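Worksheet: one structure, shown below.
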Amino acid sequence: MSYERKISIPKQLRLAESVYSLKLDQLDLTHADGCTFDFSLFEFGEPFPILLLAEKIKSLVKRSPERKF
């Protein structure tokens, strides 16, 4: 049985706190085969929170290279 973790990105990213609230640093993918980032509701982001989100995603991918993203 495969399990894929889905992370929903909020409609707006105006503050860094919006990115920190996703808790990507604490995400445990031990039992997941992969992880999907759902941007379907996303409409707007300030530059700094977008860059922060990109860095958090990059770090997550680096921590779990055996997972499919």
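Side chains included, hydrogens not; waters and symmetry mates left out as well; all remaining heavy atoms used. On a predicted model such as this, the values are computed, not experimentally measured, just so you know.
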So salt bridge (Lys or Arg N to Asp or Glu O under 4.0 Å) across residues 52-68, not counting sequence neighbours, yields D25-K56
List, by chain and number, the other hydrophobic cluster members for F37, where Ile, Leu, Val, Met, Phe, Trp and Tyr join if side-chain heavy atoms come within less than 4.5 Å, directly or indirectly. I7, I9, L13, V19, Y20, L22, L24, L27, L29, F39, F42, F48, I50, L52, L53, I57, L60, V61, F69
Can you sort out the partners of E46 under side-chain hydrogen bond (donor to acceptor under 3.5 Å, both in side chains), two or more places apart, ordered by chain and number?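 Checked E46 against side-chain hydrogen bond (donor to acceptor under 3.5 Å, both in side chains); zero matches.
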With side chains defined as the heavy atoms from C-beta onward, is the minimum distance between F44 and K11 less than 4.5 Å?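 No, every pair of side-chain atoms sits at 4.5 Å or beyond.
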Which heavy atom of P49 sits nearest a heavy atom of A16, and at what distance? CG-N, 4.0 Å
Any side-chain hydrogen bond (donor to acceptor under 3.5 Å, both in side chains) involving residues 36-45? Give me the pairs, sequence neighbours left out, ordered by first then second residue. E4-T36, K6-D38, D38-S40
Report the distance from atom CG of D28 to atom CZ of R5, rounding to the nearest 0.5 Å.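 The distance works out to 8.5 Å.
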